Amino acid sequence: MPRYDPARIEPHWQAHWDEHETFHTGPFEARRDKFYVLDMFPYPSGDGLHVGHPEGYTATDIICRYRRMTGTQVLHPMGWDAFGLPAEQHAIRTGTHPRETTYQNIDTFRRQLKMLGFSYDWSREFSTTDPDYFRWTQWIFLQLFDTWYDDECRWTGPDGLERVGRGRPISELPIPDAVADDGDEAVRRYQDRHRLAYQHEAPVNWCPALGTVLANEEVIDGKSERGEHPVERLPLRQWMLAITRYADRLLDGLDLVDWPESIRLLQRNWIGRSTGAEVDFFIGEPGQSADELDSAYALWQNRRKESGLPADSGEEVLRVYTTRPDTLFGATYMVIAPEHPFVERLTTELQREAVTTYQSQAAAKSDLDRTDLAKEKTGVFTGSYAVNPVNDQKIPIWVADYVLISYGTGAIMAVPGQDERDWEFAEVFDLPIIRTVEPPEDFTGQAYTGDGPAINSGFLDGLEIDGAKDRIIEHLRGTGQGNSAVNFKLRDWLFSRQHFWGEPFPVWHELDEEGNLTGLMRAESEENLPAKLPENFEFKPHGRPDPPLEEAPDEWLYRTDEDGTRLKRETNSMPQWAGSCWYYLRFADPKNTDRFIDAEAETNWLPVDLYIGGAEHAVLHLLYSRFWHKVLFDRGYLRTPEPFTRLVNQGMILGEAELTGFQDESGEWVSAREVDSETFSGEKVSLTADDVQKQGEEFVLTEHPEIVIDSRAYKMSKSRGNVINPDDIVAEYGADSLRLYEMFMGPLEATKPWSMSGVEGVSRFLGRVWRMISDDRADEVTLNPAIADAEPDEEQLRMLHRTIKAVTEDIEKLSFNTAISRLMEFTNALGQADPRPRSLMGPFVLLLSPFAPHLAEELWNLLGHDESLAYEPWPECDESLLVTSTVEIPVQVNGKLRGKIVVATDADQETIQEAAAADETVARFLQDKTVVKTVVVPGRLVNFVVK
RNA sequence: GCGAGAGUGGCGGAAUUGGCAGACGCGCCAGAUUUAGGAUCUGGUUCCCUACCGGGAAUGGGGGUUCGAGUCCCCCCUCUCGCACCA
């Protein structure tokens with residue numbers, strides 16, 4: 001009677017685990033191994049869980065449950081990354097405070113996760129929006145604010161590695177005499193410029209119609225993604241974090257971690273380290289004539305020989321960065337970005353109108369438009385010239401938006417002969433092109449970027465690229481006109497948002513008599529943390545790009561300090577990244593009121609041993625976390641140099657595969673080969689497997705085999721209507737089936753389509769497991785009568801131990817799909833055995849338990865155990881039981897399978913060869929042939945090579 | 001354009017890392033049981049030829065190395081994901 005009934009079993013065991021605090025992390029024991037398994041911090045959206053969440057979460061849960069059974073102490077926490085824009089926008093629409101929405105959503109998420117039976121230590125749960133948590137987020141910000149990066153500091157960290165470069169307290173920043181002479185305020189401003197957290201005017205995407213500032217990806221073609229309203233770019237005072245100072249450290253750290261090579265490569269490319277040279281091109285005074293420029297240039301060169309290359313390039317030169325200093329003789333013009341500070345001074349009266357127009361056009365474009373490669377190069381001549389320092393040639397300076405202000409120095413030397421972009425530009429504006437690297441004879445392209453000897457390059461002629469680079473840098477350094485340099489694609493991190501629902505900055509701005517910001521700041525003192533958001537404040541869009549908190553009540557916004565200085569709070573808020581940058585630390589010590597994490601807790605639990613989540617965080621989140629971690633490491637608060645030892649990205653789950661046919665306006669079928677499914681304007685017809693058949697590589701209509709149809713799985717999306725809701729799956733099949741299915745679909749890291757009949761498949765398997773052990777025809781839940789204290793036979797025992805071995809190895813490899821198939825094989829082999837030896841059932845249930853914990857607990861109980869199986873020892877494989885006395889091996893003739901023989905496992909080569917030759921079919925193929933060679937691999941195969 | 005990953009039955013996917021291609025599941029076919037089943041159990045199921053015994057072909061395509069290649073090497077095609085004027 002009692003059939004497999006997850007709706008009864010699952011809530012029962014979830015309640016049991018809760019009541020018995022089964023998965024609370026016990027006190028740390030130094031003698032035991034530890035394992036910290038972490039899921040990427042979820043944002044509790046109003047939509048609740050989607051099927052992508054349980055994929056990673058089930059994987060980590062399996063590992064945790066398995067590890068506990070092997071005697072490891074496991075830390076497996078869960079919490080909420082709950083600041084963010086959706087709750088704020090919801091609040092603006094409905095008037096509900098974001099806090100309320102957020103905590104409601106968290107309740108939904110928690111309920112859903114508990115429903116799936118994950119073995120989190122819920123006693124460690126927190127949300128980034130909890131004042132107890134963001135207090136420490138703010139505290140860490142203050143550490144960033146208090147830190148400068150000393151490039152030259154050589155030191156040995158607590159990990160025993162020697163490094164160059166360290167974040168140090170700002171009080172230790174050496175102050176140049178010239179600054180010190182200017183007084184306290186100058187010193188403070190000097191320090192502020194060197195802090196890892198500093199302020200900077202940066203353009204934001206301001207959308208007046210929506211009354212909000214948009215992220216870059218929310219702006220398309222200069223219009224808002226939502227509503228297509230115009231977006232303006234305007235500069236706003238912003239907080240920046242100097243992550244670029246840590247670029248080399250972030251790069252080096254990648255060698256210390258066990259991450260997928262693809263992710264490390266992604267981070268390396270993102271950081272984008274390049275080496276080359278900085279070169280100064282003399283530009284003289286504004287409005288100088290050509291002759292004046294020449295004579296001033298000679299004087300300048302003499303001065304530079306004396307002084308060497310200054311750190312600050314000054315007003316009379318245009319400094320460029322290049323990775324190809326060897327091509328300097330081919331620099332026939334220069335280009336500066338439209339935002340370059342020298343545009344104004346370089347533009348001659350004749351060119352002024354054209355340049356200004358060009359600048360404003362460029363300003364209106366979004367970054368995305370500007371980087372559209374398809375378009376032709378644009379630009380304007382400034383009217384001014386610079387002098388090429390190696391050949392004294394005067395070359396024109398242009399303004400063009402293909403040069404980015406944010407990279408290098410915002411100015412380039414253009415070498416069309418060796419650079420495709422410069423070549424393109426030179427062609428459009430008819431600028432001279434000089435090749436400085438000899439292309440191969442058969443080279444037919446335009447710019448030549450490959451290897452070759454230098455030509456047209458004076459003293460560099462004949463040198464290969466690397467040699468020429470060394471030689472020219474030596475020359476530039478000697479003449480004080482340049483030096484080797486390193487550059488990064490990585491930019492400093494724009495760390496402020498003009499939003500309400502985020503962590504407030506614990507910073508005050510000093511005001512002058514008139515109430516204006518002086519630019520000087522005071523950090524909130526640690527004991528005053530957390531700096532909370534204002535209460536009783538209805539934030540509404542106020543129609544200006546500055547933050548909504550500008551309208552906060554005065555008692556929140558202003559304060560007078562002890563020395564009588566009027567202070568105004570920082571009104572920007574931190575971005576969502578902030579909270580997720582360090583949550584993995586807090587989980588090790590979530591209730592600590594004295595420190596963000598206790599040193600001992602860190603030593604005990606960190607680093608995270610296994611971190612699983614989506615690849616969408618491959619770059620930003622992981623880079624930001626690593627950055628914060630390294631700053632805290634430098635400041636002596638952490639002893640681990642990297643936060644996440646092993647990283648795994650789960651693949652995306654797509655919707656169920658769809659078969660689509662296309663019909664034009666007149667209802668005629670159109671072959672999929674002739675249409676673009678995105679833009680197709682006719683009728684898209686959903687088909688079923690019965691309508692189609694496979695023809696070569698494609699699916700075609702059975703009725704019209706000339707019509708190819710489209711067959712593929714799409715990303716789940718509301719608009720496509722192919723979203724699978726985990727709640728529905730649990731309601732129909734149970735949590736164990738959902739967990740098992742998501743693991744059975746395929747490799748964890750692969751993208752894979754959902755299949756409802758696949759869910760039924762694993763659900764049927766769990767039904768078979770249920771019936772293998774329980775009696776589904778009895779009225780009560782009782783053991784299956786076939787279960788007996790019988791001795792298992794040799795084969796059954798071997799089956800069990802083979803399963804133990806395979807499942808164990810597969811879990812270690814995170815190869816859950818194959819582990820499950822092994823469990824299925826066991827069930828297929830023993831599900832009908834009668835008698836069913838009880839001694840085999842227990843270990844099997846334990847093997848199943850990490851995957852389908854509810855069912856396993858229930859069956860374990862049924863097998864007569866009172867305690868949860870969560871801490872039962874993991875079954876061990878007895879290798880001696882795997883050995884068989886005979887083995888079947890294939891026999892090939894010329895590499896083709898011709899027969900199979902059964903021989904003793906320890907049979908020698910000769911015996912095997914004889915047996916193989918004696919096989920009837922094999923003998924037939926050997927007849928009338930000469931055996932040229934015989935390959936015998938004992939236990940594996942025999943191959944006769946004949947002629 | 002650059003970078004990374006992947007192409008195996010009708011479908012999802014397995015294959016000691018060079019050794020029986022297609023484990024396991026879905027789907028499909030047949031049978032058993034059942035009042036019935038979209039429940040359960042048993043068997044079959046890569047394709048082609050063959051009544052059977054058998055045989056041939058096959059891991060996106062082409063070439064190569066090897067006794068032996070899904071696996072290694074070279075060329076090409078397709079798909080997915082990143083990056084995208086970074087000088």
Side-chain angles (χ1 to χ4, degrees), chain A residues 3 260-263 265-266 268-270 272 274 276 320-324 327 335 368 370-375 377 400-404 406-409 411-415 418-422 424-425 487-491 615-616 618-619 651-652 654 657 689 692-694 696-697 699 711-713 741 744-747 749-762 764-765 767-768 771 776 809 815 817-825 827-828 831-832 888-897 899-900 921 924 932-937 939-946:
Chain A
R3 298 165 62 146
E261 194 45 50
S262 61
I263 301 292
L265 194 67
L266 223 54
R268 284 196 191 101
N269 291 343
W270 190 263
S274 75
V320 302
Y321 170 75
T322 176
T323 54
R324 292 292 305 275
T327 64
V335 185
L368 238 57
R370 280 185 53 169
T371 55
D372 184 3
L373 276 168
K375 73 170 175 35
K377 295 261 183 296
D401 67 359
Y402 83 94
V403 170
L404 310 174
S406 48
Y407 184 77
T409 60
I412 62 157
M413 61 178 215
V415 188
Q418 271 71 233
D419 186 287
E420 282 156 14
R421 298 154 301 182
D422 295 344
E424 237 179 86
F425 190 83
N487 243 300
F488 299 93
K489 279 202 254 185
L490 183 68
R491 306 291 150 80
E616 66 272 19
V619 177
M652 199 188 346
L654 304 175
V692 305
Q693 60 189 30
K694 188 118 186 198
E697 291 290 278
F699 280 94
S711 161
R712 57 170 294 182
Y741 174 65
F744 188 62
M745 292 172 87
E749 301 190 64
T751 303
K752 41 210 177 279
W754 187 267
S755 154
M756 225 46 224
S757 43
V759 182
E760 295 205 26
V762 294
R764 282 206 286 266
F765 161 67
R768 283 201 296 279
R771 289 188 300 275
D776 71 331
E809 287 172 357
S815 178
N817 55 334
T818 52
I820 292 165
S821 74
R822 298 304 196 145
L823 294 169
M824 288 171 167
E825 284 181 83
T827 315
N828 291 345
Q832 298 301 314
E888 189 190 58
I889 58 177
V891 183
Q892 300 179 335
V893 178
N894 282 348
K896 287 199 169 135
L897 183 69
K900 288 176 188 181
T921 333
R924 197 145 48 76
V932 188
K933 186 172 180 179
T934 310
V935 181
V936 181
V937 186
R940 308 288 301 134
L941 111 169
V942 180
N943 188 12
F944 293 104
V945 186
V946 301

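The sequence lines fix the lettering, A, B, ..., with proteins before strands; numbering per chain opens at 1. All figures in this text were calculated on a predicted structure; none of them were measured in a lab.
Put simply, CD1 on A/I412 and CG on A/D419 are 7.0 Å apart, with the number rounded to the nearest 0.5 Å. Rounding to the nearest 0.5 angstrom, the gap separating the CZ atom in A/R764 from the CE atom in A/M824 is 10.0 Å. Between atom OG1 of residue A/T827 and atom CD of residue A/Q832 there is a gap of 10.5 Å, rounded to the nearest 0.5 Å. How far CE of A/M745 is from OG1 of A/T751: 10.0 Å, rounded to the nearest 0.5 Å.
Among the atoms of the strands shown, none is found under 4.0 Å from any heavy atom of A/T934. Looking at heavy-atom distances under 4.0 Å, A/I412 makes contact with a base. Using a 4.0 Å heavy-atom distance criterion, A/K752 is classed as a sugar-phosphate-only contact. Residue contacts for A/R491: at a heavy-atom cut-off of 4.0 Å it reaches a base atom on one of the strands shown. Within the nucleic acid shown, A/S274 comes within 4.0 Å of sugar-phosphate atoms alone, with no base atom in reach, counting heavy atoms only.
Rounding to whole angstrom units, CE of residue A/M652 and P of B/G5 are separated by 18 Å. One can place CZ of A/R712 at 13 Å from C1' of B/U78, the figure rounded to the nearest angstrom. We find that CD of A/Q693 is positioned 17 Å from P of B/G9, with the value rounded to whole Å. The interatomic distance linking A/R3 (CZ) with B/A39 (P) rounds to 10 Å, in whole Å. Between the C1' atom of B/C85 and the CG atom of A/D419 lies a distance of 9 Å, rounded to the nearest Å.
Salt-bridge check for A/R822 with A/E809: failed, with every basic side-chain N at 4.0 Å or more from each acidic carboxylate O.
Pairing partner, B/A15: none, since no Watson-Crick or wobble contact has both distances short of 3.5 Å. Here B/U80 sits opposite B/A4 as a Watson-Crick or G-U wobble pair (both hydrogen-bonding atom distances under 3.5 Å). When both distances must be under 3.5 Å, the Watson-Crick or G-U wobble mate of B/A69 does not exist. For B/C41, the paired nucleotide is B/G31, the pair qualifying as Watson-Crick or G-U wobble because both relevant distances are below 3.5 Å. Applying the Watson-Crick and G-U wobble criteria (two distances, each under 3.5 Å), B/G10 pairs with B/C26.
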*Nucleotide by nucleotide, 5' to 3', does protein get under 4.0 Å of the base (B), only the sugar-phosphate (S), or neither (-) in nucleotides 14-29 of chain B, counting heavy atoms?*
S-B--BB--BBSSS--
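Annotated as syn: B/G9, whose glycosidic dihedral is within 90° of 0.
At the phosphate of B/A57, OP1 or OP2 sits under 4.0 Å from a side-chain N or O atom of A/K896.
Classification of the A/F425-A/Y402 ring pair by plane angle, with boundaries at 30° and 60°, yields tilted.
Side chains of A/S821 and A/T818: no donor on one and acceptor on the other come within 3.5 Å.
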